[in-house]
Amino acid sequence: MSSKQRDEPVLISREPWWERPPRPGESEWDVEWGYLECWSDGSFRFVRERPTPDEIRNRKSCRNPL
């Protein structure tokens, strides 16, 4: 294995996430969705690719109680 391959970060998690929380009067369905990726080097990346409605409904985090 080359040193470059060892240094490449590994994807740890990928979860449905909103780009920004809903503003007053908006629902969670009104906002832009994507995936928040957590990498082994400690970085986070937001991928603008809309999750399925089931993925959004069943996500673990980022819930707006309002």
Side-chain angles (χ1 to χ4, degrees):
M1 179 182 287
S2 73
S3 64
K4 182 179 179 184
Q5 288 175 325
R6 279 182 271 146
D7 294 337
E8 289 181 16
V10 175
L11 181 63
I12 295 174
S13 68
R14 184 175 198 249
E15 300 197 25
W17 210 265
W18 52 43
E19 187 173 23
R20 60 162 181 77
R23 293 183 176 133
E26 287 184 320
S27 79
E28 292 183 332
W29 300 104
D30 296 326
V31 299
E32 292 295 320
W33 283 92
Y35 291 96
L36 183 64
E37 296 181 341
C38 175
W39 292 82
S40 61
D41 64 358
S43 67
F44 291 89
R45 297 175 194 153
F46 184 76
V47 178
R48 286 181 175 85
E49 177 186 317
R50 188 166 179 88
T52 67
D54 282 342
E55 287 176 308
I56 293 172
R57 244 187 314 279
N58 296 321
R59 71 193 183 283
K60 300 177 202 168
S61 307
C62 199
R63 298 210 182 256
N64 188 349
L66 301 176

Problem set entry | Any side-chain heavy-atom pair of Pro9 and Arg45 under 4.5 Å | yes

Problem set entry | Nearest-0.5 Å distance, CD of residue Glu55 to CD of residue Glu15 | 10.5 Å

Exercise. Is there a path of hydrophobic side-chain contacts, each under 4.5 Å between heavy atoms of I, L, V, M, F, W or Y residues, that connects Leu36 with Ile12?
Worked result: no

Exercise. Which ILVMFWY residues can you reach from Trp39 by hopping between side chains whose heavy atoms are under 4.5 Å apart?
Worked result: Leu11

Problem set entry | Distance-only polar pair, side chains of Ser43 and Asp41, donor-acceptor under 3.5 Å | yes

For this session: Taking the side chain as every heavy atom from C-beta outward, state whether Arg59 and Trp17 have any pair of such atoms under 4.5 Å apart.
Result: no

Exercise. Any Lys/Arg nitrogen of Arg48 or Glu19 sitting under 4.0 Å from an Asp/Glu carboxylate oxygen of the other?
Worked result: yes

Exercise. Do Trp18 and Tyr35 share a hydrophobic cluster (ILVMFWY, side-chain heavy atoms under 4.5 Å, transitive)?
Worked result: no

For this session: Take Val31 and Arg23 through the test side chain to side chain contact (heavy atoms under 4.5 Å, CB included) and record every step on the way to the result.
Result: CA-CA 9 Å; Val31 299; Arg23 293 183 176 133; over 6 Å; no

Exercise. Is there a path from Val47 to Trp33 through hydrophobic residues (I, L, V, M, F, W, Y) whose side chains come within less than 4.5 Å of each other?
Worked result: no

